[in-house]
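For reference, the structure discussed in these notes is given below.
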2 protein chains.
Amino acid sequence: MNKSEVKVIGILERVGGFASAQELYQLLQRNGESIGLTTVYRALQSLVSDKIVDQLRRDDGEAIYRLCGDSHHHHLVCKLCGSTVEIEGSAIERWTKTVAEQHGFREVGHTAEVFGICPNC
Amino acid sequence: MNKSEVKVIGILERVGGFASAQELYQLLQRNGESIGLTTVYRALQSLVSDKIVDQLRRDDGEAIYRLCGDSHHHHLVCKLCGSTVEIEGSAIERWTKTVAEQHGFREVGHTAEVFGICPNC
DNA sequence: AGCAGAAATGAAAATGATTTTCATTTTCAA
DNA sequence: TTGAAAATGAAAATCATTTTCATTTCTGCT
Ligand SMILES: [Zn+2]
Ligand SMILES: [Zn+2]
Ligand SMILES: [Zn+2]
Ligand SMILES: [Zn+2]
C-alpha cells in the first residue's frame, strides 16, 4: 500500500460511490494533489486485485471503481443512473457450490451482478 | 432491416453465442462477404436498439453481441485450463428476480460466472 | 551519513475499440 | 427516368487504457 494508493482510497471515500479513473484523476487534481493519470490507473489496478476496490463497467464500456466493503457481497446496479445496492446472496452462494461440485470442480469462486432500472429512474 | 443487418444476423446465428464486432467482421471476411467494419458496427447498433441483439461487455470492456433468444445460460470455467461447462441456473434466475424486486428495480438482467479447478487439472 | 538496488512515478507514445466524417454508391418512390 | 434519402466504407478522429522509459524516491545496509 503506497502513497498513491492511499490518495486514491481517500478520494474514493469522498466520492462515496462509483467513479471512473479519469474522474478520480480530475478530482485529485482539483484537490491540489500531485499525481499522474498513469499512477491513478496503476493504483486502481492494484487495489482491485487486492479486493479493496470493486471494478465494473458503465454501459459505454468505461471502467468504474468504488471502495468495497470487506464482506462478500454482490451488486444491484441501475442501468440508467448507476446507483448501487449491495446485496447478500446466500441463495447464489449455495447454487455456485452445488453446481461446481456436480461437475467435480474445486476451489470455487464466482462473480454475479444484477442490473436493472431503479425506482428513481 | 437492410442487407448488412441480414448479414450480421446470419453470422450471429452461425456463431451461436457471443462475439465482438471485430470478431464478427473477421468471420464475415473469411466467409467472403463484402462488408466494412464500420457497417458491422452500425448494423449491430441498429439491431441492439431494435432489441434483436443483446449487447454486454467483456471484462476488458469490449462489447459483445448475441442474438436475443439464444437460450440463457451461465458458465463454469476452469481457472487453470480454461475448459468451460455451460450450466443452467434456475436458482440464480429466481434469486436475481427476487432481490431486484425487493429493491423496486425493473427490467432486470444479470451476469454470473462460476470458476474453479476442473477434475482434469 | 553514504550508497546501491528496488520500487514508484509520470510524461509521452502506443494500443485498440469505437465513432465520426465525408465522398461515393445504391435504393426506391414519384 | 430522376432526384432525394439511405447505405456504405475508407480514412481520420476520439478516447480510455496500457506500455515505455527515463527520472525520482524509497529502503535496507555499511
Ligand atoms: Zn437509477
Ligand atoms: Zn457471492
Ligand atoms: Zn482445468
Ligand atoms: Zn441467468
Side-chain angles (χ1 to χ4, degrees), chain A residues 1-12 15 17-68 77 79-82 84 111 113 115, chain B residues 1-12 15 17-68 111:
Chain A
M1 175 88 69
N2 62 34
K3 214 185 303 183
S4 301
E5 291 169 24
V6 172
K7 287 183 189 172
V8 168
I9 289 176
I11 198 70
L12 278 171
V15 166
F18 282 106
S20 70
Q22 308 274 350
E23 289 163 353
L24 294 170
Y25 170 68
Q26 285 176 26
L27 288 170
L28 285 163
Q29 298 285 300
R30 278 185 220 135
N31 272 50
E33 293 286 359
S34 166
I35 187 172
L37 178 58
T38 310
T39 304
V40 171
Y41 273 106
R42 273 192 291 238
L44 285 169
Q45 274 178 224
S46 170
L47 292 169
V48 167
S49 83
D50 290 349
K51 314 224 160 128
I52 295 167
V53 162
D54 279 334
Q55 171 178 21
L56 41 105
R57 298 266 165 197
R58 291 207 175 119
D59 273 352
D60 67 357
E62 188 175 2
I64 50 180
Y65 306 86
R66 81 157 196 187
L67 282 181
C68 190
V77 185
K79 286 188 260 194
L80 300 182
C81 70
T84 302
T111 64
E113 293 286 329
F115 43 90
Chain B
M1 175 87 68
N2 61 36
K3 215 185 302 183
S4 300
E5 292 169 24
V6 172
K7 286 183 190 172
V8 168
I9 289 176
I11 199 69
L12 277 171
V15 166
F18 283 105
S20 70
Q22 308 274 351
E23 289 163 353
L24 293 170
Y25 170 68
Q26 285 177 25
L27 288 170
L28 284 163
Q29 298 286 300
R30 278 187 219 131
N31 272 49
E33 291 286 359
S34 165
I35 187 172
L37 178 58
T38 310
T39 304
V40 171
Y41 274 105
R42 273 192 290 239
L44 285 168
Q45 274 177 224
S46 169
L47 292 169
V48 167
S49 82
D50 291 349
K51 313 226 159 128
I52 294 167
V53 162
D54 280 335
Q55 170 179 19
L56 347 79
R57 297 268 164 194
R58 293 209 172 118
D59 273 352
D60 67 358
E62 188 175 3
I64 51 179
Y65 307 86
R66 76 163 179 196
L67 282 181
C68 288
T111 63

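Everything numeric in this text was worked out from a predicted model, so none of it was measured. Chain naming here is simple, since letters A, B, ... match the order of the sequence lines and numbering starts at 1 in each.
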Value in whole Å for how far the C1' atom of D:dT17 lies from CD of A:Glu23: 15 Å
Just grab all the salt bridge (charged side-chain N to carboxylate O under 4.0 Å, His left out) pairs involving residues 20-34 of chain A, residues at least two apart or on different chains. A:Lys7-A:Glu33, A:Glu23-A:Arg58
Would you check if A:Leu44 and A:Leu24 make a side-chain contact, meaning some heavy-atom pair closer than 4.5 Å? yes
Starting at atom OH of B:Tyr25, determine the distance to atom C1' of C:dT19, rounded to an integer number of angstrom. 16 Å
Describe the nucleic acid contact of B:Ser4 in one word from base, sugar-phosphate, nothing, applying a heavy-atom distance below 4.0 Å. sugar-phosphate
Please state how far atom CZ in A:Arg57 lies from atom P in C:dA17, giving the value in whole angstrom units. 13 Å
Separation of B:Arg42 CZ from B:Ile35 CD1 (nearest 0.5 Å): 10.0 Å
Presence of B:Asn2 side-chain N/O under 4.0 Å of C:dT26 phosphate oxygens OP1/OP2: no
Rounding to an integer number of Å, can you tell me how far A:Leu44 CG sits from D:dA16 P? 14 Å
As a check of understanding: the bend across the helix from C:dA1-D:dT30 to C:dA30-D:dT1, end axes from five pairs, rounded to 10 degrees, works out to 20°
Considering only side-chain heavy atoms of B:Thr38, which listed nucleotide, D:dA11, C:dT18, D:dT20, is closest? D:dA11
State, to 0.1 Å, how close B:Ala43 and B:Val8 come at their nearest heavy-atom pair, and which atoms those are. CB-CG2, 3.8 Å
Which heavy atom in A:Ile64 sits nearest to a heavy atom in A:Ser20, and how many Å separate them? CG2-N, 4.0 Å
Distances for protein N/O vs nucleotides 21-29 of chain D N/O pairs under 3.5 angstrom?
{"unit_1": "D:dC26", "atom_1": "OP1", "unit_2": "A:Lys3", "atom_2": "NZ", "d": "2.9"}

Closest heavy-atom pair, B:Ala19 versus B:Val15, reported as atoms and distance to 0.1 Å, is CB-CG1, 4.2 Å
Contact class for B:Gln45 (heavy atom, under 4.0 Å): base, sugar-phosphate, or nothing? sugar-phosphate
For the pair made of CZ in B:Arg58 and P in D:dT17, what is the distance, rounded to whole Å? 17 Å
Using atom CG of B:Asp60 as one end and atom P of C:dT18 as the other, report the distance to the nearest whole Å. 9 Å
Quickly work out the A:Glu62 CD to C:dG16 P distance and round it to whole Å. 20 Å
Taking side chain to side chain donor-acceptor pair (under 3.5 Å) as the definition, give me every residue that meets it alongside B:Tyr41, ordered by chain and number, with sequence neighbours left out. B:Gln22
With a 4.5 Å cut-off on side-chain heavy atoms, are B:Ser46 and B:Glu5 touching? yes
Closest nucleotide of DNA chain C for A:Glu5 versus for B:Gln22: which of these residues is on the 5' side? A:Glu5
Length of the line joining B:Tyr41:OH and D:dA12:P, which is rounded to integer Å: 18 Å
Under 4.0 Å between a side-chain N/O of B:Thr39 and OP1 or OP2 of D:dG9, yes or no? yes
Please list, by residue number, the residues of residues 26-37 of chain B whose heavy atoms come closer than 4.0 Å to an atom of DNA chain D; answer none if no residue qualifies. B:Ser34, B:Ile35, B:Gly36
Residue list, side chain to side chain contact (heavy atoms under 4.5 Å, CB included) with B:Ile9, at least two apart or on another chain: B:Met1, B:Glu13, B:Leu47, B:Ile52, B:Leu67
So which heavy atom on B:Leu56 is nearest to which on B:Phe18, and how close? CD1-CE2, 2.7 Å
Is there a donor-acceptor pair under 3.5 Å between the side chain of B:Gln55 and the backbone N or O of B:Arg66? no
When every non-hydrogen atom of B:Leu12 is compared with those of B:Tyr65, the smallest separation belongs to CD2-O, 3.7 Å
